[in-house]
Number of protein chains: 2
Amino acid sequence: MKASSASASSVNPLQQLENQLCFPLYAASRMLTKAYQPLLQEFDLTYPQYLVLLLLWEHQERTVKELGEHLLLDSGTLTPLLKRMEQRQLISRRRDPRDERSVIIGLLPAGEALRQPTCRIPEQLFEKMGFPLMEFEALRDQLNNLLTRLR
Amino acid sequence: MKASSASASSVNPLQQLENQLCFPLYAASRMLTKAYQPLLQEFDLTYPQYLVLLLLWEHQERTVKELGEHLLLDSGTLTPLLKRMEQRQLISRRRDPRDERSVIIGLLPAGEALRQPTCRIPEQLFEKMGFPLMEFEALRDQLNNLLTRLR
DNA sequence: TAAAATTAAATTGCACACAATTGAATTTTA
DNA sequence: TAAAATTCAATTGTGTGCAATTTAATTTTA
């Protein structure tokens, strides 16, 4: 055994990708986002933009702060993303007259119009994955559980 | 009920964040990477850079292609990342003489030197999360399972 | 074996992500 | 209530991610 090289027997198991939680999380997240991509690009949406629309379809108006709280994203990410969506007239941005610090994001007709045509995307993706429903739900619940801890 | 607005009763449950698999995956991945950050910044490493080192600690030499296969990243991501690591003398980059298309990434002393001082990071993180071991392992295995499907 | 196809990295361009800072508005406090 | 502290969004700068293209090297095929 060479002292200076990493032979398999001397590898700390916790330093191996497959034994970590973070790596499969990191990789699966990117793979799943990539799986969304062909379905979303038909509507010229990125995944984070789609998430913003999901929230606005529930409530037509949200402040940047509220969007950030739900998506766990800060204004450094949201501001430019929302400006791109504003340019496409999917959403509106205006200061809250009652608190000029806040910016209210509103759903515009073009944003509302994407609601129906995109509504089957989650099912389509689920079918595409061929993941058993039980496992899907178990994984989802455990991830939401983890998320609560990390938040 | 206003016809034009999204009332709670008319929301497609599959279009709600908490019912999706992708969102908690996306959010948990970012949160967990963020949890790594304070531990990694002591060594001036980003999470993807740390992943490269984990692989090189197992095998001192890997081609860019091999790194990409393990990390599920392409050269568009890896090339600039590896160049930054090369500048810091953590790794070396050279063409494979037997196949000049390939670039071999080698572990340099400064990269090897990070191995011991970072070896407790996975445990530290695990302790920090306070996630029960059983759940940790179950989640990890399900994610690796999902990853296999998505790959 | 010469042309065609394939492969591996690099490059380009765009969109996140996020830490840190800034600036304006609001709230708290002395 | 005036000063201090806090809050919210925007900005700045760096580092991924990734699709698409390019370039060079190798392999396959006609």
Side-chain angles (χ1 to χ4, degrees), chain A residues 22-23 26-38 40-42 44-52 62-69 71-88 90-91 93-105 150, chain B residues 22-23 25-42 44-52 62-69 71-88 90-91 93-105 150:
Chain A
C22 194
F23 174 70
Y26 161 76
S29 171
R30 287 184 295 109
M31 291 301 103
L32 200 46
T33 301
K34 211 182 287 189
Y36 262 98
Q37 217 272 323
L40 288 173
Q41 79 173 353
E42 189 182 342
D44 199 18
L45 290 174
T46 64
Y47 182 67
Q49 289 170 10
Y50 169 68
L51 293 178
V52 167
R62 309 260 200 181
T63 62
V64 172
K65 178 180 157 67
E66 286 167 348
L67 291 173
E69 282 169 355
L71 302 178
L72 306 179
L73 292 171
D74 71 5
S75 67
T77 301
L78 286 174
T79 298
L81 184 157
L82 294 169
K83 282 182 176 175
R84 280 187 283 274
M85 294 180 75
E86 182 189 32
Q87 280 182 353
R88 292 178 49 201
L90 298 174
I91 61 165
R93 293 165 71 245
R94 65 176 201 284
R95 292 278 165 181
D96 183 341
R98 290 174 311 174
D99 184 342
E100 292 277 345
R101 289 173 305 181
S102 295
V103 167
I104 297 174
I105 304 301
L150 293 172
Chain B
C22 194
F23 174 71
L25 205 51
Y26 161 76
S29 171
R30 287 184 295 109
M31 291 300 102
L32 200 46
T33 300
K34 212 182 286 190
Y36 262 98
Q37 218 271 323
L39 302 174
L40 288 173
Q41 79 173 351
E42 188 181 343
D44 198 18
L45 291 174
T46 64
Y47 182 67
Q49 290 169 7
Y50 169 69
L51 293 177
V52 168
R62 309 258 199 183
T63 62
V64 172
K65 179 179 157 66
E66 286 167 348
L67 291 174
E69 282 169 357
L71 301 178
L72 306 179
L73 292 171
D74 71 6
S75 68
T77 301
L78 286 174
T79 297
L81 184 157
L82 294 169
K83 282 183 176 175
R84 280 187 282 275
M85 294 179 77
E86 183 189 31
Q87 281 183 352
R88 292 178 50 200
L90 297 174
I91 62 164
R93 294 165 71 245
R94 66 176 200 283
R95 292 279 165 181
D96 183 343
R98 292 173 310 175
D99 185 342
E100 292 277 347
R101 290 173 304 182
S102 294
V103 168
I104 298 174
I105 305 301
L150 293 173

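Computed from a predicted structure; not experimentally measured. All chains are named by letter (A, B, ...) in the order of the sequence lines, taking the proteins before the strands, and each is independently numbered beginning at 1.
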Of all the nucleotides listed ([options]), which has the minimum atom distance to the side chain of [X]?
X      : options                : answer
A/R101 : C/dA25, C/dT6, C/dA15  : C/dA25
A/T77  : D/dA10, C/dA17, D/dT6  : C/dA17
B/R95  : C/dA10, D/dA19, C/dA17 : C/dA10
A/V103 : C/dA15, D/dA9, C/dT7   : D/dA9
B/S102 : C/dA8, C/dA10, D/dA9   : C/dA8
B/T79  : C/dA10, D/dT26, D/dT6  : C/dA10
A/L73  : D/dT16, C/dT11, C/dA17 : C/dA17

Answer yes or no: does a side-chain N or O of [X] lie under 4.0 Å from OP1 or OP2 of [N]?
X     : N      : result
B/K65 : D/dA25 : no
A/Y26 : D/dG17 : yes
A/T46 : C/dC16 : yes

Between [atom2] of [N] and [atom1] of [X], the distance in whole Å:
X     : N      : atom1 : atom2 : result
A/K34 : C/dC16 : NZ    : C1'   : 15 Å
B/R30 : D/dG17 : CZ    : P     : 12 Å
A/R98 : D/dA9  : CZ    : P     : 13 Å
A/E86 : D/dA10 : CD    : C1'   : 13 Å
A/Q41 : C/dA15 : CD    : P     : 14 Å
A/D74 : C/dC18 : CG    : P     : 7 Å
B/R84 : C/dA10 : CZ    : P     : 13 Å
B/L32 : C/dA17 : CG    : P     : 16 Å

Worksheet item: Between the side chain of A/R101 and the main-chain N/O of A/R95, is any donor-acceptor distance below 3.5 Å?
Response: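 Absent.
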
Discussion item. Closer than 3.5 angstrom, by distance alone: can the side chain of B/T77 be matched with the main-chain N or O of B/L73 as a donor-acceptor pair?
Written reply: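 Here the side-chain-to-backbone pair does not exist.
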
Item to complete: Assign the ring pair A/Y47 / B/Y26 to parallel, tilted or perpendicular, where the plane angle (0 to 90°) is split at 30° and 60°.
Response: perpendicular

Close side-chain approach of [X] and [Y], heavy atoms under 4.5 Å:
X      : Y      : result
A/R93  : A/L82  : yes
B/I105 : B/L67  : yes
B/R94  : B/V103 : no

Worksheet item: Starting at the 5' end of DNA chain D and moving along, which residue's nearest nucleotide shows up first, A/L78 or A/Q37?
Response: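 Upstream on the strand: A/L78.
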
Worksheet entry | No-H, no-angle donor-acceptor pair, B/S75 side chain to C/dA10 base, under 3.5 Å |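 Counting by modelled atom types and ignoring angles, a donor-acceptor contact under 3.5 Å is found here.
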
Item to complete: Sort out the partner of C/dA30 for me: Watson-Crick or G-U wobble, both distances under 3.5 Å, none otherwise.
Response: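 Base-paired to D/dT1.
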
Worksheet item: NA contact type, A/T33, heavy-atom cut-off 4.0 Å: base, sugar-phosphate, or nothing?
Response: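 It contacts nothing in the nucleic acid.
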
Discussion item. Nearest heavy atom decides the nucleotide; on that basis, is A/G76 or A/E100 closer to the 5' end of DNA chain C?
Written reply: A/G76

Worksheet item: Starting at the 5' end of DNA chain C and moving along, which residue's nearest nucleotide shows up first, A/D99 or A/P48?
Response: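 Between the two, 5'-proximity favours A/P48.
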
